[in-house]
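Have a look at the structure below, then the notes.
All values derive from a computational prediction rather than experimental measurement.
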Amino acid sequence: MYTATLSVISGAPHINGITYTMQRSITDSTPYELASNTTQQACTFYATLPGTWDIKAHVIYNGSRDTTLFIRMRCHFPKWDMILNGNVSTGGTVRGAMDQAWTRTKLLATATGCAEVGFVIYLVTSQTGSYYNCSEVVEQTSTYDIRASVMLSPEQDILNGFDPLLQSSFYVADFHTHPPLSKWVGSGALIRKVGPAKLTDDSPHYDSPGRNEIPSFVYDYIGNNGEHESKDSIDSPAKIYRFGGNQRNSNYYAQED
C-alpha cells in the first residue's frame, strides 16, 4: 500500500474550501475527488491501483481559486515480503493463514491418502486502507499412488475496475501446500522431492498473459538432501518456498509509464 499526504499551507485569512484530487498522469485525465470542499489543510491519499498518480489540492479563498503543484506517486503491485506480512480481513497475516493451511494439510493425512490445501491471494484496496483476502481455501485429497495436487482458479484478475474510490480486488499471488507421506503404512518407502514442482506449459501460473510473473508460495518440508520420505516425522521442519515472479507486473494493465 502506498500512501502520501498533501498539506496546504496558506497565508490567506479565509479559506472557503479545499478539494483534493488524484488522477492518472499518463492514461486518464479524469480527476477523482477524494475530499471535496473541506477546510482541512491536509489529506492522506492511498494509491490503491497500479500506475502513476498526480495528487493536487484546489483551494478557494476570498473568491479566488488556486491549484497546488502536484505530488507524483507511483504505485506497484506488492512484492513477496509485503504479501507475506500483510494483514488479512479475518485477522492475522497472510503468513499466519499459510501456517493454518499447513496444519490442516497434516491433519488431512491418513494411512490411505493425503491432501493439498491452497488459496488465491487478493489485495483488496480502497481509500480507507487495504488488506489481503485469502479466505477461499481449496482442499483436494488424493491416494498415495496418485500425485496430489490442488487447482486454484482466480475469480478474476481485477474486480470493480480502476476507480480508486471503489473497493477493488487484485489477484496478486497464490499459495498451496505439499502433503506429508508420514501416515502411509504400506511396505517399503515413499519418497518425493520437496519444494516447488517443475513448472510446465499447462501450469496455472503461465496460463494467460499477465500471470507469468505472479508470485507463488508453497509450504513444504525442508527434507533431507531435497527429499521427504514416509519414514520422516509428520512434524519435521518445514518452510514456505517462493517461486514465480517477485511481484505482479503492473504493465499488464498498460497503466505504467
Side-chain angles (χ1 to χ4, degrees), residues 79-86 88 90-122 132-155 171-208 211-246:
K79 295 183 179 181
W80 298 105
D81 291 335
M82 188 179 294
I83 295 172
L84 277 177
N85 297 316
V88 298
T90 54
T93 63
V94 173
R95 184 188 296 271
M98 293 178 180
D99 289 337
Q100 293 176 16
W102 179 242
T103 299
R104 176 64 178 165
T105 300
K106 293 191 290 184
L107 290 174
L108 290 171
T110 68
T112 58
C114 55
E116 290 192 358
V117 178
F119 49 76
V120 173
I121 302 170
Y122 285 96
Y132 292 90
N133 185 343
C134 45
S135 60
E136 297 299 323
V137 178
V138 178
E139 298 178 359
Q140 189 165 336
T141 58
S142 174
T143 57
Y144 287 110
D145 60 339
I146 300 175
R147 179 180 173 182
S149 63
V150 62
M151 181 62 68
L152 301 176
S153 300
E155 180 181 355
Y171 167 36
V172 293
D174 51 49
F175 163 81
H176 70 285
T177 63
H178 282 170
L181 306 177
S182 307
K183 294 290 186 177
W184 185 69
V185 293
S187 60
L190 287 181
I191 303 174
R192 66 166 177 81
K193 298 291 186 181
V194 298
K198 182 179 180 180
L199 296 177
T200 61
D201 291 339
D202 61 353
S203 166
H205 310 287
Y206 289 84
D207 63 357
S208 70
R211 292 187 183 176
N212 59 346
E213 294 298 327
I214 291 293
S216 296
F217 303 88
V218 60
Y219 217 130
D220 200 358
Y221 291 104
I222 295 175
N224 296 306
N225 296 318
E227 294 180 334
H228 167 60
E229 300 185 40
S230 53
K231 67 179 179 63
D232 295 335
S233 169
I234 198 169
D235 293 319
S236 295
K239 70 175 186 177
I240 299 171
Y241 295 83
R242 304 175 178 184
F243 63 104
N246 183 49

Would you say that L181 contacts H228 through its side chain, given a criterion of any heavy-atom pair below 4.5 Å between the two side chains? yes
Would you check if the side chain of T105 reaches a backbone N or O of E116 as a donor-acceptor pair within less than 3.5 Å? no
R192 and H178, any side-chain heavy atoms less than 4.5 Å apart: yes
Might you work through the salt bridge (charged side-chain N to carboxylate O under 4.0 Å, His left out) test for K193 and D220, ending with a clear yes or no? CA-CA 10 Å; K193 298 291 186 181; D220 200 358; over 6 Å; no
Hey, are the side chains of V117 and T177 touching, using non-hydrogen atoms and a 4.5 Å cut-off? yes
Between V138 and H176, is any pair of side-chain heavy atoms under 4.5 Å apart? no
List the atom of F217, the atom of I83, and the distance in Å for their closest heavy-atom pair. CE1-CG2, 4.2 Å
So do T103 and Q100 actually touch side chain to side chain, heavy atoms under 4.5 Å? no
With sequence neighbours left out, the residues meeting side-chain contact (heavy atoms from CB on, under 4.5 Å) with A238 are W102, Y219, Y221
Distance check, rounded to the nearest 0.5 Å: I222 atom CD1 versus D232 atom CG? 11.5 Å
State, without any angle test, whether D174 and S216 hold a side-chain donor-acceptor pair at a distance under 3.5 Å. yes
Can you tell me how far CG of L190 sits from CD of E227, rounded to the nearest 0.5 angstrom? 12.0 Å
Run the side chain to side chain contact (heavy atoms under 4.5 Å, CB included) test on I121 and V172 for me, step by step, so that the C-alpha distance in whole Å, both residues' side-chain angles and the decisive distance to 0.1 Å come before the verdict. CA-CA 6 Å; I121 302 170; V172 293; 4.1 Å; yes
Quick one: pull up NZ in K106 and OG in S182 and give me the separation to the nearest 0.5 Å. 9.5 Å
Closer than 4.0 angstrom, basic N to acidic O: yes or no for R95 and D81? no
Would you say E136 has more than 12 foreign heavy atoms packed within less than 6.0 Å of its CD? no
Rounded to the nearest 0.5 Å, what's the gap from CG on L108 to SG on C114? Could you check? 9.5 Å
Taking the side chain from Y122 and the backbone from Y171, do they hold a donor-acceptor pair closer than 3.5 Å? no
Answer whether the closest heavy-atom distance between the side chains of V94 and V88 falls below 4.5 Å. yes
Less than 4.5 Å apart, side chain to side chain, heavy atoms only: is that true for E229 and W184? no
